[in-house]
Amino acid sequence: MAESNYFYITTPIYYVNDKPHIGHAYTTILADVLARFHREKGDETFFLTGVDEHGQKVQQAAERAGIDPQTHCNKMVVYFKKAWEKLEITNDFFIRTTDGFHEKVVQEVLQDLYDKGKIYEHEYGGYYCVGCERFYTTKELVDGKCPQHLKEPEYIKEKNYFFRMSKYQDWLIEYIKTHPEFIQPKSRKNEVLGFLKNKLGDLCISRPKLRLKWGIELPFDSNYVTYVWFDALLNYITAIGYKQDEERFNKWWPANYHLIGKDIVTTHCVYWPTMMRAIGIPMPKTIFAHGWWMVDETKMSKSLKNIVKPLDLIDSYGVDSVRYFLIREMTLGQDSNFSEDIFIKRYNSELANDFGNLVSRIVTLIRKNFNSVVPKILIKGKEELKIIDNAKTLPEKVHNLIDNLHLNDAVETIIIFIRSINKYMELRQPWHLVKQNKQEAGTVLYTAAEGLRIAALLLHPIMPEKISTLLKAFPTADNQKNSFEWGTLKSGEKLGELPILFPRIIRKIEIMKEVENKGEELISIDDFSKVKLITAKVLAAERVPKTDKLLKLSIDTGEEKRQIVAGIAQYYNPEVLIGKTVIIVANLQPVKIRGTESQGMLLTAEKGENLTLLTTFDDLGPGSFIS
RNA sequence: GGCGGUGUAGCUCAGCUGGUUAGAGCAGCGGAAUCAUAAUCCGCGUGUCCGGGGUUCGAGUCCCUGCACCGCUACCA
């Protein structure tokens with residue numbers, strides 16, 4: 001597929017009344033990742049985001065706050081700008097619908113369409129419910145009342161301006177059908193086509209100032225402002241110079257992607273295309289609607305309370321890992337689940353274990369054995385060639401996936417390659433090899449490091465901060481910092497220092513938390529009697545191999561011999577325990593601890609760093625009951 | 001109600017135009033290893049591929065039907 005040299009991508013402009021939540025953050029990060037990919041590929045890129053500032057809700061919120069709407073917007077817009085800064089968003093412009101140039105162009109477009117008869121005025125009467133701020137048809141009313149508020153609506157006669165949207169219905173259906181990439185994913189395309197099976201009406205694009213003042217005034221009737229969506233959608237072209245700078249406009253338009261959430265499909269796939277058609281500009285290449293993040297099985301929404309604030313996530317886990325998770329976890333177009341649990345699993349297994357740990361082992365081996373100097377690659381064996389081959393084809397594979405918006409697959413492809421380097425290390429064992437054949441060990445480490453560099457570079461658009469840190473440590477020629485060419489890593493030069501990039505997230509022990517939360521709880525004698533405590537004699541004791549804390553005890557309970565694993569190796573040498581009487585929980589469910597079955601639990605007393613085993617005052621022999 | 005979609009291992013999902021013993025990651029179990037963030041590597045899955053019919057030499061993959069869930073839209077064709 002031939003790529004254009006220009007890449008223009010947009011997010012919706014967010015309604016300024018909301019505070020940024022994961023929904024906004026996701027779309028914006030997605031756009032950012034795509035924009036960065038294209039920039040790094042060499043495409044000239046323009047990435048637009050911004051806010052929608054007009055409309056009823058803003059007006060009302062300002063009234064409540066006792067300030068004018070513009071001041072209110074100025075205050076609110078900061079939340080978005082700050083959030084995007086924190087999320088490392090690299091938008092090229094941030095549009096506000098109150099920007100002077102935008103308002104001016106919107107008015108010009110309105111005038112233009114009006115002059116050409118594509119906007120007409122029409123007076124009609126209707127039942128208007130003040131609560132809903134909308135008209136109802138008689139059919140929609142229940143017993144003559146608004147079904148929402150159960151109040152009788154007012155009948156008002158009103159003149160309004162309409163955009164002849166209906167005229168474009170057949171054209172739009174045809175266009176969507178002949179341009180399969182126009183609306184994606186396919187399911188949304190079907191949805192729109194389904195919507196278009198119904199007769200499309202004309203779109204009311206005016207609001208009388210009596211009801212709404214905060215908007216862009218109609219140039220041909222100062223008693224009205226324009227409908228927010230008509231105003232908002234035009235941001236995609238006003239921001240790149242439409243009717244201001246034709247050259248700039250033509251450079252970027254048509255857009256490659258309008259990214260949207262699935263909640264605004266109709267406005268973007270029906271209203272906007274018909275508007276563009278009427279205005280006489282070509283259609284954007286693709287309008288892509290992504291799904292929702294579900295939190296605990298509930299839809300994320302502005303009106304619900306279960307909002308995971310992106311800024312909170314970042315504070316706990318870092319921007320880059322959150323960006324990684326969002327891109328990695330969601331199959332674009334579908335809904336995905338979010339929870340801290342899922343996040344931690346993904347983070348630990350892919351970022352900490354697979355990727356971060358690989359970085360550590362390579363860097364440490366080069367530091368210890370080659371004094372941090374990147375070794376030379378000498379004789380390439382079969383295994384080396386495999387890695388090199390894969391490293392060479394990886395960038396193209398990944399770029400293709402990204403061009404098709406298969407971002408999660410793209411990331412997975414990179415991770416699979418990273419895993420293959422771990423396998424390669426295991427196979428070639430440079431930590432042994434270095435003792436017998438240092439040059440060969442060098443070859444292995446170079447191969448691993450260079451493969452890692454290429455993989456990391458591909459992840460840069462997703463995790464700009466961490467990957468930059470990583471890449472800075474890898475010596476390359478200055479003009480080749482971003483090269484996917486195999487061999488860019490310079491032998492003979494020093495590797496920089498690297499911190500642990502993705503420290504493993506250690507989970508709090510849930511049980512401990514539960515106990516803390518419960519506080520002091522009184523139990524009955526029955527509860528206590530459920531625990532069968534008996535004395536036992538230690539017959540043998542030994543350390544569990546390869547552990548620091550565990551002892552394996554063989555004990556006599558009077559009736560039988562049992563094996564118990566206890567975490568007391570730091571307090572007792574095994575020998576001293578033999579022959580001692582201990583107290584055990586005898587009816588505990590057996591568990592395997594480090595592969596060794598434990599059939600009970602020793603009682604100990606613990607204070608600070610000290611620990612002592614419990615025993616009996618007099619010895620009654622093993623198997624005595626404790627109550 | 002109409003239109004569209006989904007239903008595959010404990011969990012999240014992949015399986016293109018029908019074709020060898022249905023796959024991946026995570027979790028779990030066993031082992032190897034110790035360069036590394038107790039990370040890594042190897043091995044281990046008898047799953048009614050939602051149910052029921054059918055087409056076919058052959059169906060998770062096509063057709064019909066039933067059920068469950070989701071999305072859009074709506075009581076109008």
Side-chain angles (χ1 to χ4, degrees), chain A residues 137 139-140 142 147 183 185-200 261-267 269-270 289-292 294 297-299 325 328-339 341-370 383 401 404 406 408-409 411-413 415-416 418-435 441 444-445 448-449 452 498-507 545-550 591-597:
Chain A
T137 62
K139 278 181 190 170
E140 286 174 311
V142 180
I183 298 172
K186 228 187 190 161
S187 52
R188 298 297 155 200
K189 184 182 92 174
N190 289 340
E191 219 172 88
V192 174
L193 285 172
F195 180 86
L196 288 170
K197 277 183 188 158
N198 301 307
K199 177 108 186 64
L200 196 58
K262 64 182 186 181
D263 51 334
I264 49 177
V265 166
T266 305
T267 48
C269 300
V270 178
H290 67 250
W292 297 120
M294 314 284 279
E297 307 289 304
T298 335
K299 175 168 104 181
F325 177 81
R328 172 70 174 103
E329 193 69 19
M330 183 175 270
T331 300
L332 216 49
Q334 294 181 331
D335 292 346
S336 290
N337 293 309
F338 178 88
S339 75
D341 208 61
I342 303 170
F343 174 87
I344 291 174
K345 271 185 185 153
R346 191 61 94 177
Y347 174 97
N348 275 346
S349 87
E350 292 179 1
L351 290 180
N353 298 355
D354 290 340
F355 183 53
N357 182 53
L358 178 63
V359 175
S360 292
R361 59 200 307 213
I362 291 174
V363 169
T364 307
L365 282 165
I366 293 181
R367 176 162 46 78
K368 283 187 180 164
N369 299 300
F370 293 87
E383 296 304 326
L401 287 167
N404 292 312
H406 293 148
N408 59 337
D409 287 341
V411 177
E412 189 174 6
T413 305
I415 288 292
I416 288 172
I418 286 169
R419 287 198 190 114
S420 80
I421 301 178
N422 269 322
K423 286 194 205 349
Y424 167 71
M425 294 278 284
E426 218 63 35
L427 212 68
R428 301 286 272 136
Q429 310 203 346
W431 50 93
H432 282 154
L433 209 50
V434 75
K435 292 168 198 155
V444 172
L445 288 175
L452 180 67
L498 268 178
I500 300 265
L501 287 174
F502 303 101
R504 242 182 106 74
I505 298 171
I506 313 287
R507 312 161 134 275
K546 300 175 202 169
T547 64
D548 298 329
K549 297 178 184 169
L550 301 184
V591 288
K592 276 200 176 163
I593 302 173
R594 296 284 292 184
T596 310
E597 181 159 287

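Convention: sequence-line order gives letters A, B, ...; per-chain numbering from 1.
Along RNA chain B, the nucleotide closest to A:I362 and the one closest to A:I416 are compared, and the more 5′ of them pairs with A:I416.
Across all strands shown, B:A38 remains unpaired; no Watson-Crick or G-U wobble contact has both distances below 3.5 Å. Across all strands shown, B:U20 has no partner, as no Watson-Crick or G-U wobble contact with both distances under 3.5 Å is found. Shown here, B:C44 forms a base pair with B:G28; the pair counts as Watson-Crick or G-U wobble because both key distances fall under 3.5 Å. Across the strands present, B:G4 finds its partner in B:C70; the criterion is a Watson-Crick or G-U wobble pair with both atom distances under 3.5 angstrom.
The aromatic rings of A:F355 and A:F502 lie tilted to each other, with the angle between the two planes from 30° to 60°.
To the nearest angstrom, C1' of B:U40 lies 12 Å from CZ of A:R419. Here the C1' atom of nucleotide B:C26 and the CD atom of A:E412 are 12 Å apart, to the nearest Å. To the nearest angstrom, C1' of B:G31 lies 13 Å from CD of A:E426. Note: CZ (A:F195) to P (B:G5) measures 19 Å, nearest angstrom. Between the P atom of B:U40 and the CD1 atom of A:I415 lies a distance of 12 Å, rounded to the nearest Å. Rounded to whole Å, atom C1' of B:C72 lies 10 Å from atom NZ of A:K262. In this structure, the CG atom of A:L332 is 15 Å from the P atom of B:C13, given to the nearest Å. Rounded to whole Å, atom C1' of B:C3 lies 9 Å from atom CG of A:N190.
The gap from the P atom of B:C62 to that of B:U20 amounts to 16 Å, rounded to the nearest Å. With C1' as the reference atom, B:A36 and B:U61 are 44 Å apart, rounded to whole Å. Nucleotides B:C11 and B:G7 are separated by 16 Å at their C1' atoms, to the nearest Å. For the C1' atom pair drawn from B:C50 and B:U8, the interatomic distance equals 10 Å after rounding to whole Å. If you take atom P in B:A22 and the same atom in B:G45, they sit 12 Å apart, rounded to whole Å. For the C1' atoms, the distance linking B:G28 with B:G10 amounts to 9 Å, nearest Å. Taking the C1' atom of each, B:A33 and B:C26 are spaced 23 Å apart, rounded to whole Å.
Checked options A:L365, A:V434, A:I362, A:L433; the residue passing with A:V444 is A:L433 (criterion: side chain to side chain contact (heavy atoms under 4.5 Å, CB included)).
Counting heavy atoms from C-beta on, the side chains of A:I500 and A:S360 come closer than 4.5 Å.
Residue contacts shown for A:D354 are limited to sugar-phosphate atoms, with no base heavy atom under 4.0 Å away.
No N or O donor and acceptor, one from the side chain of A:N353 and one from the base of B:A39, sit under 3.5 Å apart.
Using a distance-only test at 3.5 Å, with no hydrogens or angles considered, a donor-acceptor pair links the side chain of A:N422 to the main chain of A:D354.
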